[in-house]
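A short write-up of the structure that comes next.
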Amino acid sequence: MKINVDGKKRDVNAVWYEEPVIKMIDQRILPETFKIIDINNTKELYEAIRNMTVRGAPSIGAAAAYGVAQAKALGMDIEEAGKFIKSSRPTANDLFYAVDFVLQHKNEAKKYAEMYVDSIVERSRLIGVNGNGLIGNNKKILTHCNAGALASVDYGTALSPIRAANDAGKKPFVWVDETRPRLQGARLTAWELVQEGIEHKVIADNAAGFLMQREQVDLVIVGADRITANGDFANKIGTYEKAVLAKENGVNFYVAAPLSTFDFSIEDGKGIPIEVRSEDEVKEIKGVKVSPRESSAYNPAFDVTPNRYVTGYITEYGVFKSSELNQLKDKGKDSIIEKVESI
Ligand code: MRU
């Protein structure tokens with residue numbers, strides 16, 4: 001992604017590898033501070049995924065793929081390292097997909113980790129190409145959380161079609177849900193849209209229904225952390241209610257994700273493990289307490305949206321209905337690195 005740092009244009013990915021160091025943008029402190037963090041070993045990587053220095057399903061997968069390569073470079077038992085990295089967060093399928101993929105190619109872990117990440121970037125770009133066709137001129141699109149370049153190394157998943165539409169001169173406008181408790185929308189999606197010069201407004205999480213009722217939303221595009229065989233999917237908490245509101249108001253609702261986010265081993269959304277994070281993320285905003293010390297909080301990080309609310313799944317292979325997702329099932333683990341021309 002092209003970004004402005006201290007008045008200079010820079011081309012930077014969310015995560016990359018300079019053996020034996022994994023480099024990543026610190027997503028906890030944007031938009032105020034742009035900082036690259038060095039990850040020197042598996043323990044630091046585990047912590048960076050857990051504390052969301054790197055976040056977003058495909059970027060977590062990329063960091064994890066590099067993590068296996070790094071463990072090998074440091075002379076560790078890479079099976080054990082892979083297991084440990086996988087235990088950092090439970091919901092995003094990409095984390096497990098990426099570790100398993102690199103472990104299948106143990107002897108050339110670095111080469112395959114790099115091929116994996118290159119492929120994720122290409123797949124994200126293709127999601128943009130395929131989703132662009134769904135966006136007409138001057139459309140108002142609502143998105144939740146951050147499914148941009150920060151979340152998928154480059155381009156984004158939900159933001160990739162919006163970037164493509166903007167590049168095509170269609171002048172998209174984006175309603176950006178703030179996305180409490182970690183504010184990925186207000187902080188990260190808004191930051192990316194500023195960098196791209198795409199028109200947008202940040203809205204409180206509970207404003208979507210009002211805007212849809214007033215016909216201010218033409219379509220919704222969100223990302224996903226895990227999509228099951230029947231098309232039910234987990235995404236950032238609050239996604240489900242946006243999907244129900246979209247159906248109630250006759251607004252098309254799309255999910256954008258690459259193959260690495262699909263988990264065909266789970267039949268439906270009931271089987272997706274949902275991460276519950278610290279109470280403090282709800283009780284505090286940027287370290288400032290907003291609830292009484294005596295109150296406790298509950299903080300599920302994701303919810304599950306049933307397939308019946310989804311108009312289509314925007315993937316690198318095209319746009320599918322839930323009944324058509326079995327066409328993606330046959331794509332084997334190695335197909336993640338197949339040449340883009342053959343997709
Ligand atoms: O907890 P996060 O920030 O890692 O969760 C990410 C999301 O849920 C995003 O909404 C996204 O759609 C999935 S990553 C493209």
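Index from 1, following the sequence. Both counts, for ligands and for their atoms, begin at 1 and track the order of listing.
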Crowded around [X] [atom1]? As in, over 12 foreign heavy atoms under 6.0 Å?
{"X": "Lys270", "atom1": "NZ", "answer": "no"}
{"X": "Glu199", "atom1": "CD", "answer": "no"}
{"X": "Glu47", "atom1": "CD", "answer": "yes"}
{"X": "Glu215", "atom1": "CD", "answer": "no"}

Inset, instruction - Between Asn235, Ile127, Val54, flag the one that comes closest to atom 11 (C) of ligand 1 by a heavy atom. - result: Asn235
Legend entry - Asn107 and Tyr112, any side-chain heavy atoms less than 4.5 Å apart: no
Legend entry - Any Ala224 heavy atom less than 4.0 Å to ligand 1: yes
Inset, instruction - Consider ligand 1: state whether an atom of it lies below 4.0 angstrom from any non-hydrogen atom of Glu275. - result: no
Inset, instruction - Anything under 30° is parallel, anything over 60° is perpendicular, the rest tilted; go ahead and classify Phe101 against His105. - result: tilted
Legend entry - Parallel, tilted or perpendicular: rings of Tyr116 and Tyr97 (30°, 60°): tilted
Inset, instruction - Find out if a path of hydrophobic residues (ILVMFWY) with successive side-chain heavy-atom gaps under 4.5 Å connects Met115 to Val102. - result: yes
Inset, instruction - Say whether Tyr17 and Leu103 are linked into one hydrophobic cluster, either directly or through other cluster members, by side-chain heavy-atom distances under 4.5 angstrom. - result: yes
I'd like to check which ligand 1 atoms, numbered from 1 as shown, lie under 4.0 Å from a non-hydrogen atom of [X].
{"X": "Ala147", "value": "12 (O), 15 (C)"}
{"X": "Pro58", "value": "14 (S), 15 (C)"}
{"X": "Arg89", "value": "1 (O), 2 (P), 4 (O)"}
{"X": "Gly56", "value": "4 (O), 14 (S)"}
{"X": "Gly223", "value": "12 (O)"}
{"X": "Gln184", "value": "1 (O), 2 (P), 3 (O)"}
{"X": "Phe302", "value": "1 (O), 5 (O), 8 (O)"}

If we set the cut-off at 4.0 Å for heavy atoms, which region of [X] has an atom near ligand 1: side chain, backbone, both, or neither?
{"X": "Arg182", "answer": "neither"}
{"X": "Ala301", "answer": "neither"}
{"X": "Asn146", "answer": "backbone"}
{"X": "Lys236", "answer": "both"}

[atom] [closest protein heavy-atom partner, distance rounded to 0.1 Å]:
{"atom": "atom 14 (S) of ligand 1", "answer": "Ala57 N, 3.1 Å"}
{"atom": "atom 15 (C) of ligand 1", "answer": "Thr157 OG1, 3.3 Å"}
{"atom": "atom 3 (O) of ligand 1", "answer": "Arg55 NE, 2.5 Å"}
{"atom": "atom 7 (C) of ligand 1", "answer": "Asp225 OD1, 3.2 Å"}

Legend entry - Side-chain donor/acceptor of Asn130 to backbone N/O of Ile314, under 3.5 Å: no
Inset, instruction - For the pair Glu281 and Arg182, find out whether any cationic side-chain nitrogen is under 4.0 Å from an anionic carboxylate oxygen. - result: yes
